[in-house]
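These notes concern the structure reproduced below.
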Amino acid sequence: MHDAISIITAKRDGRELSGAEIDWVIEAFTHGIVADEQMAALAMAVYFRGMTRAEVSRWTSAMVDSGSRMDFTWLDRPTVDKHSTGGVGDKITLPLAPLVAACGAAVPQLSGRGLGHTGGTLDKLEAVPGWRADLSRAEMAEILADPAVGAVVCAAGADLAPADRRLYALRDVTGTVESIPLIASSIMSKKIAEGTEALVLDVKVGAGAFMKDVADARELARTMVELGADEGVRTVALLTAMDAPLGRTAGNALEVREAVEVLAGGGPDDVVELTLALAREMLAAVGLDGVDPADRLRDGSAMDRWRSMIAAQGGDPAAPLPRARHTDVVLAEFDGVVDGIDAHGVGLAAWRLGAGRARAGESVQAAAGVELHVGLGDLVTVGTPLATLHTDTPEKFDYARRSLEPAFTGSAESARRARGVVIERIGPVER
Ligand code: URA
């Protein structure tokens with residue numbers, strides 16, 4: 001027999017929880033037997049005391065077991081997915097999923113909507129006229145099995161790790177999001193339940209990311225790589241820079257446009273670099289490392305997959321993307337070299353313009369966001385256009401400018417060489 005108070009006080013006092021205690025508390029919470037305030041207290045105790053590898057592994061499997069686990073082992077291709085911990089302008093899933101499918105793997109991706117200053121993949125894809133995020137499991141399976149598609153990006157159903165869904169909502173309002181074991185188990189429970197054979201994690205580091213420093217990002221990455229191995233999912237992580245936004249756009253339709261540029265063989269260097277680095281890791285994880293994804297961008301086959309992937313979910317890949325009714329341009333107020341573009345400031349501006357939501361369930365503006373005209377190392381003079389703001393609600397311009405203008409910093413020094421995006425690779429580890 002177990003009870004919530006003994007488990008909370010044990011963790012509060014720094015004792016390792018047993019597997020049976022963890023199974024009980026997650027199941028009892030899922031069924032409303034452990035109350036929200038008790039789970040919030042336990043989350044706070046975990047925040048301060050942490051969890052051992054055995055605890056976090058058991059916690060993750062208990063959250064997977066709170067719902068159903070999908071199974072794609074019947075497909076004639078290996079399955080592999082990517083998860084990013086979230087960054088400003090991170091539209092990588094959009095070119096990556098069709099690219100990896102064009103290289104011979106199946107990509108089952110359950111994604112979320114954005115909350116706060118980083119956008120959600122589903123919000124971005126919903127900017128494509130007609131595209132639908134809500135698919136039944138049968139529809140998802142049919143698209144994955146279709147040899148002309150093989151990639152699906154859709155909303156997670158209510159039955160996927162329901163314990164995490166409830167716990168994440170509680171953590172969000174109790175100051176317990178920023179705990180490495182809780183973040184790692186939350187992310188990995190959903191990815192394990194999704195039934196992918198292999199997983200590549202893009203763990204963002206920097207001012208615009210959850211993890212502001214490399215040591216924390218490394219610990220989060222290692223914890224997730226180990227959790228994947230414990231559950232038989234081959235998992236590798238890349239730590240990638242998130243000081244400046246990724247690419248030149250932040251906002252739903254603007255990011256789709258940039259993703260399509262990448263699929264057409266163009267697009268910003270950092271977006272192309274990260275898309276190819278993640279694609280290579282995903283292919284290697286499922287033994288398809290003989291295929292060079294750069295060839296699939298060049299020969300148009302990734303673009304063909306994009307079109308069929310969008311059409312399979314009701315979207316019209318040829319339809320014009322929504323455009324904002326109002327735009328406003330931010331001009332440089334300095335002469336010199338752009339040596340910083342703060343991702344958080346840019347993300348906040350896009351959010352203030354209407355690209356993101358303040359509360360779950362709100363709608364977003366498809367066309368709102370920020371388009372950058374300069375990158376790190378560019379030379380500007382007073383009056384050079386730095387960015388264009390897009391919105392349907394022009395009364396938001398001043399509010400957005402307040403976070404965007406200070407995001408640009410310049411120096412008189414000669415141009416700093418731009419760093420590569422990938423900082424470090426972690427994993428895989430043996431089970
Ligand atoms: N994303 C998740 O899914 N869970 C977390 O805890 C943090 C980010």
Side-chain angles (χ1 to χ4, degrees), residues 82 89-103 106-114 119-157 247-268 271-272 275 296-327 350 353-357 362-369 371 388 390-392:
K82 183 262 322 188
D90 186 358
K91 71 276 297 170
I92 299 292
T93 292
L94 277 53
L96 183 65
L99 173 59
V100 171
C103 295
V107 186
Q109 173 152 122
L110 298 175
S111 289
R113 291 195 161 73
T121 298
L122 301 182
D123 295 326
K124 295 174 201 198
L125 283 165
E126 277 173 348
V128 178
W131 189 86
R132 238 168 9 102
D134 291 310
L135 300 182
S136 68
R137 288 201 174 185
E139 286 173 312
M140 186 179 174
E142 195 183 322
I143 297 171
L144 275 179
D146 183 337
V149 193
V152 65
V153 181
C154 63
R248 294 288 179 98
T249 57
N252 305 310
L254 292 168
E255 293 192 47
V256 173
R257 192 187 74 196
E258 194 167 83
V260 171
E261 284 166 16
V262 172
L263 287 160
V271 180
V272 176
T275 303
R296 299 291 187 266
L297 284 182
R298 268 192 294 271
D299 67 13
S301 52
M303 178 68 102
D304 291 343
R305 291 290 172 141
W306 160 262
R307 293 199 184 101
S308 46
M309 176 182 119
I310 293 297
Q313 293 184 228
D316 178 357
L321 291 165
R323 283 186 170 273
R325 286 199 287 275
H326 303 272
T327 56
L353 290 164
R357 51 176 71 75
E362 279 180 359
S363 61
V364 297
Q365 290 181 31
E371 184 184 7
T388 299
H390 297 246
T391 189
D392 292 335

Shortest non-hydrogen contact between L321 and A253, atoms and distance: CD1-O, 3.8 Å

Side-chain donor-acceptor pairs under 3.5 Å in residues 141-152, sequence neighbours left out?
from, atom 1, to, atom 2, distance (Å)
D146, OD1, A148, N, 2.8

Heavy-atom side-chain contact between D134 and C154 under 4.5 Å: no

Using the test side chain to side chain contact (heavy atoms under 4.5 Å, CB included), find all partners of A355 that sit at least two apart in sequence or belong to another chain. N252, A350, A368

Enter the distance from L297:CG to L99:CG here, rounded to the nearest 0.5 Å. 5.0 Å

To the nearest 0.5 Å, tell me how far K124 NZ sits from R257 CZ. 14.0 Å

Let's go through E261 and R248 carefully: what are the C-alpha distance in whole Å and the side-chain angles of both, what is the deciding distance for salt bridge (charged side-chain N to carboxylate O under 4.0 Å, His left out) to 0.1 Å, and is it a yes or a no? CA-CA 12 Å; E261 284 166 16; R248 294 288 179 98; over 6 Å; no

When every non-hydrogen atom of V262 is compared with those of G267, the smallest separation belongs to CG2-CA, 4.0 Å

Q365 versus L353: any side-chain heavy-atom pair under 4.5 Å? no

Would you name the heavy atoms of G247 and K91 that are closest together and state the gap between them? CA-NZ, 4.2 Å

Would one find more than 12 heavy atoms of other residues, nucleotides or ligands at under 6.0 Å from atom CZ of R323? no

Interatomic spacing from CZ in R132 to CD in E139 - rounded to 0.5 Å: 4.5 Å

Return the minimal non-hydrogen interatomic distance between H390 and A367, and the atom names on each side. CB-O, 3.5 Å

I want to check something: taking the side chain as every heavy atom from C-beta on, are V128 and D316 in contact at a cut-off of under 4.5 Å? no

Kindly write out the residues that satisfy side-chain hydrogen bond (donor to acceptor under 3.5 Å, both in side chains) with T121, not counting sequence neighbours, or none if the list is empty. none

Does R305 reach the side chain of R296, with side-chain heavy atoms less than 4.5 Å apart? no

Do V153 and V107 have side chains that get closer than 4.5 Å, going by heavy atoms? no

How long is the straight-line distance from CG of L135 back to CD of Q313, given to the nearest 0.5 Å? 4.5 Å

How many angstroms lie between CD in E371 and OG1 in T388, if you round to the nearest 0.5 Å? 5.0 Å

With T275, which of L96, V100, L94, T93 fulfils side-chain contact (heavy atoms from CB on, under 4.5 Å)? L96

Using modelled atom types only, decide if a donor and an acceptor are shared between the side chain of D123 and the backbone of R113 within a distance under 3.5 Å. no

For S363, enumerate each residue passing the side chain to side chain contact (heavy atoms under 4.5 Å, CB included) test, keeping only those at least two apart in sequence or located in another chain. none

In chain order, what residues pass the salt bridge (Lys or Arg N to Asp or Glu O under 4.0 Å) check against R298, with sequence neighbours excluded? D295

Could you check whether any side-chain heavy atom of M303 comes within less than 4.5 Å of a side-chain heavy atom of V260, counting everything from C-beta outward? yes

The salt bridge (Lys or Arg N to Asp or Glu O under 4.0 Å) partners of D304 (sequence neighbours excluded) come to R307

Over all heavy atoms of both residues, which pair between V256 and A127 is shortest? Give the atoms and the distance, please. CG2-CB, 4.5 Å

If you take all heavy atoms of G315 and P317, which pair is closest and at what distance? O-CD, 3.4 Å

